[in-house]
Chemist: 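Below: one structure in structure tokens.
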Amino acid sequence: VPRNYDPALHPFEVPREYTRALNATKLERVFAKPFLSSLDGHRDGVNCMAKHPKSLSTVLSGACDGEVKIWNLTNRQCVRTIQAHEGFVRGMCARFCGTSFFTVGDDKTVKQWKMESPEYGEEEEPIHTILGKTVYTGIDHHWKEAVFATCGQQVDIWDEQRTSPMCSLTWGFDSISSVKFNPIETYLLGSCASDRNIVLYDMRKSTPLKKVILNMRTNTLCWNPMEAFIFTAANEDYNLYTFDMRFLESPVMVHMDHVSAVLDVDYSPTGKEFVSASFDKSVRIFPVDKGRSREVYHTKRMQHVITVKWTSDNKYILCGSDEMNIRLWKANASEKLGVLAPREKAAMNYNQKLKEKFQFHPQIRRIAQHRHLPKSIYCQIKEQRIMREARRRKELNRRKHSKPGSVPFVPEKKKHIVAVVK
Amino acid sequence: GEKLVLSELLQPIHPKSALGSVRKELARVKKKAPVELPLSKEEAKRVVREAAYDTTSKDVGKWQQVVLQNRRAEQLVFPLRQDITTVVPLERATSAWRARTPLEQEIFGLLHKTQQPITDPLLTPEEKASLQAMSLEEAQQRRAELQKARAIQSYYEAKARREKRIKSKKYHRVLKKSRRRQALKEFEQLQKSDPAAALARLEELEQLRMQERMSLKHQNKGKWAQSRAIIAKYDLEARKALQEQLAKNKELMQKVRVEPPEEELRDVPEEDTAAVAVPTAASGANPWMLGKPSASTPESEAQEGPGDVPVPDAAESKEKMEEEEEEEELSDEEALLQDFEQKRQARQERAGSPEGLSKGHGADEMEGTAEQPGDSPVPAVCAEEPVSAGLEPPPQALLSEQLRRVQTMEDVEALASEEHVEEQEKPTASRVEKQAQRQEEGKAGDRHAREAPAKKKIISLEAVLDGKPQELDCPSLPIVMEEEEGGIDQRGVITEAFAGDDVVDDFRREKRKAEEASKPQPVNLVLPGWGEWGGTGLRPSAKKVKRFLLKPPPAPPRKDQHLPHVIMSEKRNIHAAAHQVSELPFPFERHQQFEQSLRTPVGTTWNTPRAFQKLTAPRVITRAGHIIQPISAEDI
């Protein structure tokens with residue numbers, strides 16, 4: 001349809017767009033219904049999860065009673081159940097080709113399983129079982145080769161074909177809670193130990209590289225899948241720290257919003273955001289370059305969230321929690337699922353742009369930022385704010401009443417780093 | 001069983017000392033410094049770690065560029081590698097699969113009984129060939145080419161049709177004339193480059209002339225001419241036209257002695273050369289010359305007019321000013337033709353063809369100034385300045401370069417203002433300089449004084465435009481200071497310096513202005529012609545005016561009514577303030593930036609669909625149901 005775009009005929013463009021932006025923001029909040037479904041079937045808390053590298057609809061989960069379940073997300077049903085270990089399933093990972101997966105458990109074993117269910121008349125048995133000397137607390141598979149790494153007393157790197165590790169990497173004596181391969185520079189590994197440190201390793205030279213010690217213990221870390229040198233660590237001190245591995249002296253960004261220990265973190269496949277699971281019974285989504293979260297998910301029944309995954313199509317988030325459920329969330333709370341008509345898509349893009357354009361306006365920001373929180377979290381946030389304020393005031397007073405320069409200004413980024421060990 | 005060699009037996013027996021080698025070794029050991037202790041295990045490990053860390057971080061650092069690029073990218077499309085999905089034949093996809101359960105086996109048994117072709121190629125050879133015959137890009141390119149060619153052809157056709165349909169006789173006449181002139185010009189060129197061809201051409205022209213002469217076209221026998229003759233008594237224009245025709249006739253009937261092209265050519269540049277004679281003679285300080293560039297603009301504007309009809313007033317007045325000994329007015333056609341010619345030449349200039357070299361360099365310059373109609377008065381000034389400064393004649397290339405460099409309107413304006421200032425500055429500055437020189441001549445040992453005679457002769461452009469020497473020479477300020485050095489105190493100096501501005505009075509005036517502005521204005525709703533007679537020159541009656549001029553209620557008293565030293569603005573709207581941004585948000589550095597980011601509308605109401613699409617393109621695009629793999633070296 002021919003239109004006359006003469007600006008004189010369409011006056012008040014800013015107020016009109018402002019109104020549209022306001023409406024869009026309101027509608028976004030109206031349609032923000034992120035919870036999709038809950039996958040129940042485990043008989044104990046879900047301790048670990050793994051994504052299938054080739055299939056979006058498959059997800060694996062391991063529980064605290066040693067049970068491993070494979071889920072079909074489209075049907076939202078359990079496809080297969082394996083009693084994999086005695087005691088906890090501490091960690092699990094899928095092989096890069098998606099044909100098999102590995103689990104480690106409290107029974108000091110590493111087991112490799114087929115991804116497909118056993119055929120007719122076959123027994124449910126692991127392909128390989130490796131019996132170790134100590135308990136393994138985590139496992140991760142190399143992104144391209146038939147190599148995997150476990151952690152426990154030390155970081156072991158295994159060839160799939162052998163029953164003894166190719167090499168063992170140690171630095172210190174404390175137990176290591178998680179190990180992760182870098183998805184881009186695949187020879188790199190990162191691990192975090194219970195003596196509050198994060199250690200990087202190089203698989204090629206079979207040597208540790210550097211260690212950074214933080215104020216409190218780091219639970220897990222996750223590498224950015226689009227930026228080779230960036231990783232994020234989920235810490236016990238309620239914060240997440242994003243590091244550049246070349247400059248470990250201070251984190252690139254401190255992400256704070258949780259009010260209890262952060263237990264797990266996973267990057268979105270686009271590398272722009274990550275999701276974190278916390279002991280405070282909530283899941284938060286952080287942009288990589290922002291210190292504050294953009295979204296918080298919680299439900300009445302969700303207990304301490306132990307593990308979280310962002311699906312490989314960047315659309316959903318899965319979280320496994322203490323009360324035996326796996327929950328499926330939308331990564332973008334107000335997104336409409338299903339096929340969009342072109343006009344719908346255009347309208348969506350336009351609304352997004354408008355929201356971005358007018359994001360600084362107080363009314364719009366107020367609406368966009370509004371989130372409902374359970375009372376427990378809300379109160380804790382308030383409490384912590386008071387504590388922080390008190391600390392700040394104390395420091396201020398101290399500075400005021402002491403010799404100038406004797407109380408240095410320590411930036412937030414430096415506050416949490418104890419030391420970097422070469 | 002060792003073998004004895006005869007030569008060994010022949011050698012003399014040496015008394016060999018057994019301790020010789022030992023002694024040598026001892027000496028060697030004595031010379032050596034003691035070996036350092038090996039590093040402790042921890043230390044050694046640490047060295048290894050450091051080295052490994054360095055190399056690894058260097059390795060990882062090679063992603064820096066990619067990462068930055070992705071962070072800055074306007075739009076990212078995931079998955080990074082767009083795989084083209086291929087249909088895998090069922091047989092290949094299920095090669096590993098075998099029927100195991102009894103049910104499956106039964107079904108497969110039935111299927112295999114029918115002997116269906118299992119490993120058929122998916123595409124027949126013909127289909128494959130047809131797919132490979134022409135790629136999509138090739139086809140698109142070809143289509144685009146054809147489309148373009150068709151469009152160009154249709155443009156030409158339309159243009160030709162339009163031109164053919166023009167009924168204006170004047171237009172055709174002018175066109176013909178201009179064509180003739182063009183031909184002459186070309187001929188002139190030809191004469192220079194290839195005399196033989198020019199001679200042949202001349203022959204042809206002569207032929208044409210003869211034909212025209214024989215045709216008796218200009219004998220005042222035609223219908224038009226007779227009608228003109230009747231009207232001529234009363235109408236000045238008709239008389240003029242008739243005279244013109246007569247002149248033409250006379251010209252044609254004349255026996256030709258001199259070469260006709262030269263003769264006719266003369267009246268083309270005549271005006272130009274005449275016009276140029278003055279500027280070359282005039283010096284740079286001539287105010288008449290200084291006014292010129294600005295004066296040339298109205299003319300050019302007039303020429304640029306959309307109707308392409310010459311505006312005789314502007315053009316003629318300009319010409320009168322320029323060329324006084326010229327006949328008092330040029331006919332309309334002439335002006336039009338000039339316009340055409342100028343445009344054409346400008347076009348040629350832009351194309352870079354060396355035209356009009358036959359004229360003198362003064363004429364060239366004038367052509368240059370006239371050639372850019374409305375585009376820029378700047379090159380004209382540039383052309384003149386060197387002349388006034390007495391430098392060598394500028395080459396044509398300088399002009400054209402100038403034209404090309406200054407492209408946007410803003411550039412031109414900026415440049416123009418600059419030039420203007422310089423031009424005005426020049427005479428005064430030079431006068432000041434001379435004064436200063438004269439004054440300082442008295443003082444001994446001044447460098448400038450010695451140079452003064454040289455400077456009096458030629459005031460070079462650089463010297464005038466250069467800032468520093470001017471300030472040094474400027475007599476007014478330092479001289480005043482010298483005179484009053486002892487007498488006046490600081491306060492006196494300040495009062496003298498700010499003698500002109502009365503701050504208090506200014507403020508009072510400002511406040512009064514603000515008060516005036518804040519007063520509500522009466523609303524005029526008078527519509528002329530309603531309820532009474534309408535028409536030009538009629539004013540609505542006083543009664544009506546009184547009735548429809550709405551006087552607003554008086555504004556509430558101003559808050560600063562009783563505060564003589566304060567102006568309180570009452571523009572801020574509290575209700576709107578709730579919706580407004582109170583402080584500058586982070587990425588912006590100035591509030592103008594932020595306002596600009598809001599000002600451009602995004603929606604379809606103000607933008608074309610294409611622009612809308614571009615403006616609202618999302619930052620990250622992901623495709624549903626596609627796995628996004630981590631970035632790898634192949635993706636870049």
Side-chain angles (χ1 to χ4, degrees), chain A residues 3 5 7 10 13-14 16-18 20 53-56 119-121 143 171 182-185 187-188 200 202 204-205 207-210 223 225-230 245-247 268-272 289 312-315 339 346 348-350 352-354 356-363 422, chain B residues 45-46 48-53 55-64 66-67 70-71 76 78-80 100-102 104 578-582 585-586 594 597-608 612-613 615-620 622-633:
Chain A
R3 271 181 60 85
Y5 292 103
H10 308 286
E13 54 261 22
V14 177
R16 282 164 83 183
E17 291 219 312
Y18 175 77
R20 287 179 197 178
K54 298 285 171 195
S55 155
L56 281 172
E119 279 145 10
Y120 181 71
W143 287 81
W171 191 358
N182 187 324
I184 307 167
E185 293 295 334
Y187 51 83
L188 269 175
L200 301 177
D202 190 336
R204 299 172 300 182
K205 288 159 194 153
T207 166
L209 298 173
K210 218 167 200 182
W223 293 92
M226 290 293 151
E227 302 175 1
F229 39 77
I230 301 286
M245 71 153 280
R246 299 167 299 168
F247 315 104
S268 86
T270 58
K272 298 271 178 207
D289 51 352
S312 332
D313 60 347
N314 196 33
K315 271 209 148 176
V339 183
M348 205 182 68
N349 288 345
Y350 180 41
Q352 193 58 43
K353 197 76 195 175
L354 284 180
E356 220 170 89
K357 190 174 158 189
F358 290 98
Q359 63 186 330
F360 302 109
H361 287 252
Q363 305 267 312
K422 283 178 185 171
Chain B
K45 272 187 180 171
R46 192 184 152 174
V48 170
R49 280 199 301 259
E50 268 180 50
Y53 178 72
T55 53
T56 313
S57 50
K58 210 172 278 172
D59 276 3
V60 173
K62 75 180 180 225
W63 288 94
Q64 177 77 24
V66 180
V67 167
N70 280 353
R71 276 185 197 164
L76 282 175
F78 293 103
L80 292 173
R100 278 171 202 274
T101 61
E104 283 168 356
H579 293 270
Q580 283 167 341
V581 183
S582 55
F586 159 59
F594 177 59
S597 81
L598 295 182
R599 211 172 297 136
T600 4
V602 186
T604 37
T605 321
W606 301 274
N607 292 300
T608 57
F612 172 72
Q613 245 174 23
L615 284 171
T616 60
R619 278 282 161 80
V620 174
T622 55
R623 301 167 73 198
H626 282 252
I627 292 175
I628 302 168
Q629 298 286 1
I631 197 169
S632 65

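Computed from a predicted model, the values in this text were never measured in an experiment. By convention in this document, chain letters (A, B, ...) are assigned in the order of the sequence lines, proteins followed by strands, and residues within each chain are numbered from 1.
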Chemist: Is it the backbone or the side chain of B/Ser582 that comes under 4.5 Å from a heavy atom of chain A, or both, or neither?
Modeler: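 No part of B/Ser582 comes within 4.5 Å of chain A.
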Chemist: For B/Gly603 and A/Tyr350, which heavy atoms make the closest approach, and how far apart are they?
Modeler: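 Looking at all heavy atoms of both residues, the shortest contact is CA-OH, 3.2 Å.
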Chemist: With only heavy atoms counted, which part of A/Ser268 is less than 4.5 Å from chain B, the side chain, the backbone, both or neither?
Modeler: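 Contact with chain B is absent: no heavy atom of A/Ser268 under 4.5 Å.
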Chemist: Tell me, side chain or backbone of A/Pro7 under 4.5 Å from chain B's heavy atoms, or both, or neither?
Modeler: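 It is neither, since no heavy atom gets under 4.5 Å.
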Chemist: Report which part of A/Trp143 has an atom under 4.5 Å of a heavy atom belonging to chain B: side chain, backbone, both, or neither.
Modeler: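 Only the side chain of A/Trp143 comes within 4.5 Å of chain B.
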Chemist: Output the option from A/Thr207, A/Val14, A/Thr270 having the highest count of non-hydrogen pairs under 4.5 Å with chain B.
Modeler: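 It is A/Thr270.
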Chemist: Tell me, for A/Glu119 versus chain B, whether the close heavy atoms (under 4.5 Å) come from the side chain, the backbone, both or neither.
Modeler: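 The side chain, not the backbone.
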Chemist: Does the cation-pi check pass for A/Arg204 over A/Tyr187, that is, NZ or CZ under 6.0 Å from the six-membered ring centre and within 45° of its axis?
Modeler: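 Output yes; distance and angle both within limits.
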Chemist: Counting heavy-atom pairs closer than 4.5 Å to chain A, which one of B/Leu615, B/Val48, B/Val66, B/Asn70 comes out on top?
Modeler: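 When all of B/Leu615, B/Val48, B/Val66, B/Asn70 are compared, B/Leu615 has the most.
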Chemist: Which one, B/Thr604, B/Thr600, B/Leu76, B/Thr608, leads in non-hydrogen pairs under 4.5 Å with chain A?
Modeler: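 Result: the option with the highest number of such pairs is B/Thr608.
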Chemist: Please give me the minimum heavy-atom distance between A/Arg20 and A/Leu354, naming the atom from each residue.
Modeler: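 Reported closest heavy-atom pair: CB-CD1, 3.5 Å.
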Chemist: Decide yes or no on side chain to side chain contact (heavy atoms under 4.5 Å, CB included) for A/Ile184 and B/Trp63, but give the supporting numbers first.
Modeler: CA-CA 10 Å; A/Ile184 307 167; B/Trp63 288 94; 3.2 Å; yes
Chemist: So which of B/Arg71, B/Lys45, B/Glu104, B/His579 has the largest heavy-atom pair count under 4.5 angstrom toward chain A?
Modeler: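 Of the candidates given, the most pairs with chain A belong to B/His579.
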Chemist: Relative to chain A, which of B/Phe612, B/Phe594, B/Phe586 shows the most heavy atom pairs under 4.5 Å?
Modeler: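 Ranked by contacts with chain A, first place is B/Phe612.
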Chemist: Charged N to carboxylate O below 4.0 Å: is that the case for A/Glu185 and B/Lys62?
Modeler: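 Looking at B/Lys62 together with A/Glu185, the answer is yes, because their closest N to O distance falls below 4.0 Å.
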Chemist: Whether the side chain of A/Asn182 engages the backbone of A/Ala228 through a donor-acceptor N/O pair (distance < 3.5 Å, no angle test) should be reported.
Modeler: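 Side chain of A/Asn182 to backbone of A/Ala228: a pair is present.
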Chemist: Where on A/Arg246 is there a heavy atom nearer than 4.5 Å to chain B: the side chain, the backbone, both, or neither?
Modeler: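 Both parts, backbone and side chain.
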Chemist: Non-hydrogen atoms of chain B under 4.5 Å away: do they reach the side chain of A/Lys205, the backbone, both or neither?
Modeler: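 For A/Lys205, the side chain is the part near chain B, not the backbone.
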Chemist: If we ignore angles and hydrogens, is there a donor and acceptor under 3.5 Å between the side chains of A/Asp202 and B/Thr56?
Modeler: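 Distance-only check passes for A/Asp202 and B/Thr56.
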Chemist: Considering only heavy atoms, which portion of B/Val602 lies under 4.5 Å from any heavy atom of chain A: side chain, backbone, both, or neither?
Modeler: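 Interface part for B/Val602: both.
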Chemist: Please rank A/Glu17, A/His10, A/Arg3 by heavy-atom pairs under 4.5 Å with chain B and give me the top one.
Modeler: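 Among the listed options, the one with the most contacts to chain B is A/Glu17.
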Chemist: With a 4.5 angstrom heavy-atom cut-off, which part of B/Ala51 approaches chain A: side chain, backbone, both or neither?
Modeler: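 Neither part.
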Chemist: What part of A/Glu227 lies closer than 4.5 angstrom to a heavy atom of chain B: side chain, backbone, both or neither?
Modeler: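 Both parts, backbone and side chain.
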Chemist: Go through the atoms of B/Thr605 and report whether side chain, backbone, both or neither lie under 4.5 Å from a heavy atom of chain A.
Modeler: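 Both backbone and side chain of B/Thr605 come within 4.5 Å of chain A.
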Chemist: List the steps and the verdict of side chain to side chain contact (heavy atoms under 4.5 Å, CB included) for B/Val67 and B/Ile631.
Modeler: CA-CA 10 Å; B/Val67 167; B/Ile631 197 169; over 6 Å; no
Chemist: A/Tyr5, A/Trp223, A/Tyr120: which one forms the most heavy-atom pairs within less than 4.5 Å of chain B?
Modeler: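 With the most close heavy-atom pairs to chain B, the winner is A/Tyr5.
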Chemist: Restricting to non-hydrogen atoms, name the atom on A/Pro269 and the atom on A/Pro225 that form the minimum distance, rounded to 0.1 Å.
Modeler: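 Scanning both residues completely, I find the closest heavy atoms to be O-CG, 3.8 Å.
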Chemist: Would you indicate whether the side-chain heavy atoms of B/Arg49 and A/Lys422 approach each other to under 4.5 Å?
Modeler: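 The answer is no, as the side chains (C-beta and beyond) never meet within the 4.5 Å cut-off.
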Chemist: Heavy-atom cut-off 4.5 Å, strictly under: side chain, backbone, both or neither for B/Gln613 against chain A?
Modeler: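 Looking at B/Gln613, nothing touches chain A.
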Chemist: Using modelled atom types and a 3.5 Å cut-off, is there a donor and acceptor pairing between side-chain atoms of A/Glu356 and backbone atoms of A/Lys353?
Modeler: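 Checking the backbone N and O of A/Lys353 against the side chain of A/Glu356, no donor-acceptor pair under 3.5 Å is found.
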Chemist: Using a cut-off of under 4.5 Å on heavy-atom pairs, state which of A/Phe358, A/Phe247, A/Trp171 scores highest against chain B.
Modeler: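 Result: the option with the highest number of such pairs is A/Trp171.
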Chemist: With the threshold set at 4.0 Å, does a side-chain nitrogen-carboxylate oxygen contact exist between A/Lys315 and A/Asp313?
Modeler: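 Looking at A/Asp313 together with A/Lys315, the answer is no, because their closest N to O distance does not fall below 4.0 Å.
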